[in-house]
**Q** 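Here it is, the structure in full.
Atoms within each ligand, like the ligands themselves, are counted from 1 in listed order. Both backbone and side-chain heavy atoms feed into the values below; hydrogens, waters and symmetry mates do not.
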Amino acid sequence: MSIAELDQTARSILIENDQGGYTVPTKGLYPYQWNWDSVFVALGFATFDQDRAWREIEMLFEGQWHDGMVPHILFRKDDPSYFPGPSVWGTSGGQIPSSGHSQPPVAATVIRDLVEADTSGKSEDRAAALFPNLMAWHRWFLAYRDPEGEGLLAVIHPWESGRDNLPDWDDALRAVEVKDIGPYERKDTSHVDPAMRPHKEDYDRYLSIMAACRKVGWDPAEVARTCPFFVADPGVTFIFLRACRDLLVLAERLGKDTDADEIRGWITRLERGAKILWQDNLQAHVALDRRSGKHTNGISSASFLALYAGLADQQTLTALCGHFDRISDKVRYLMPSYDPDHESYEPLRYWRGPVWAMINYMIARGFAEIGDGVRADKLRRDTASLIETNGFAEYFSPETGAGAGGGTFSWTAAIWLTWASPTRVKQAA
Ligand code: GLC
């Protein structure tokens, strides 16, 4: 396929997956609105329909809970082909049936991008309308995922990290007692090869965590206190820190001085907290189980997001460049979701090795912003060639490039349009 044809296919995927204002990640496997998927999708839409881009994010925020949380899935209509659906979650926090936890908060960053890319001036009003929702969501994260005020965010479920099946969750998940789940039938393994999906023992525990949160009525303070899974995640923490910096720029632009002061306090708190995730023996920021007090022993693609979060001190920078080059020598395509030198690495099992386009995009942005165009461009070229050769898959093998998981995937199409496509590079030049 030529580049022009790929651009056209990417646009068609977004249009095909559009459900009337919001977009499903892919038909079949993921038939609802997912939080961070939608926000990346907005970037893709913005390359050809700015109004539609805003609509995507506005519809996501229609599902915001009264306590400020923006859920990871909105179940606008019941679809029996997906499990676990709304009745298993048993939530009642907002206007739209939803899951009970959140996902990485990329929205403030993308909203800033949309505002800055728009020359018509119309975007600023839409950003202003969403600004209080963003503030409420960010406050919620700090109150209930960092209850001691240390400056690092925990996830209460592997799915809240957006990197669902990462080896970092293994030990904490194993410590979750399997209870209150009853018989159930998974649907994911009927859409995708079971060898690429989580094991049954993991699924039992995913559901046990949900049962424990249901028991406390999804009350966020109670969830933070009692949830059997509570793991500080460099992925969510760095994405959030980045989002706070972008939210600050929006606050200043919109003249929200008091909010801007509040956000500055968050940034200081998070810059301090990130240090707790640093492990000298690994030379990286890694996950920390808040219940057992143990750090994980592996490096994931999220460790590289330190730069995207604006943490580019000399120690971090030298360490990450070293890891980057070591991993580059080891695999054909960057960035594997888990360190290929680690024993838990599996190139095709979901989040234990495969490459995701939107993670590459964020890592590359971090490198580009510190002036490392070479590493940023390597990430872009790898992403482009994965898509050119293997299509708009959910994820790819870092070794062979084979596409896996769901096909005609919305965020892969969006990242192509907004960053990976050579057309985009030409426009930016
Ligand atoms: C998987 C991914 C998650 C994503 C969802 C929809 O659950 O791990 O990050 O949001 O699929 O694409």
**Q** Which pairs count as ring pair (Phe, Tyr, Trp, His ring centres under 6.0 Å) when at least one residue sits in residues 214-250, sequence neighbours excluded?
**A**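 Sorted pair list: W89-W218, H138-F240, F141-F240, F238-H285.
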**Q** Sequence neighbours left out, what passes side-chain hydrogen bond (donor to acceptor under 3.5 Å, both in side chains) with R269? Give chain and number order.
**A** D146
**Q** Please verify the inter-ring angle class for W411 with F40; under 30° counts as parallel, over 60° as perpendicular, anything in between as tilted.
**A**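 Perpendicular, since the angle between the ring planes exceeds 60°.
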**Q** Should R52 and E56 count as an ion pair when the cut-off is N to O under 4.0 Å?
**A** yes
**Q** How far is atom 3 (C) of ligand 1 from its nearest protein heavy atom, and which residue and atom name does that atom have?
**A** G162 O, 3.5 Å
**Q** Parallel, tilted or perpendicular for W356 and Y350, by the 30°/60° rule?
**A** tilted
**Q** Run the numbers for me: atoms of ligand 1, each under 4.0 Å from some heavy atom of W411, listed by number.
**A**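 Close to W411: 4 (C), 9 (O), 10 (O).
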**Q** Tell me the nearest of L29, D188, V24, D164 to atom 8 (O) of ligand 1, using heavy-atom distances.
**A** D164
**Q** Would you confirm whether the ring centroid of Y32 sits within less than 6.0 angstrom of the ring centroid of F75?
**A** yes
**Q** With only distance considered, is D37 within less than 3.5 Å of ligand 1 through an N or O on each side?
**A**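 Yes - when backbone and side-chain N and O of D37 are compared with those of ligand 1, one distance drops under 3.5 Å.
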**Q** Less than 4.0 Å is my threshold; does some heavy atom of W356 fall inside it relative to ligand 1?
**A**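 Not so, W356 does not reach ligand 1.
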**Q** F409 versus ligand 1: do any nitrogen or oxygen atoms come within less than 3.5 Å of each other?
**A**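 There is no such contact.
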**Q** For ligand 1, does Y350 get within less than 4.0 Å through its side chain, its backbone, both, or neither, judged by non-hydrogen atoms?
**A** side chain
**Q** Check Q103 against ligand 1 and report side chain, backbone, both or neither, counting heavy atoms closer than 4.0 Å.
**A** side chain
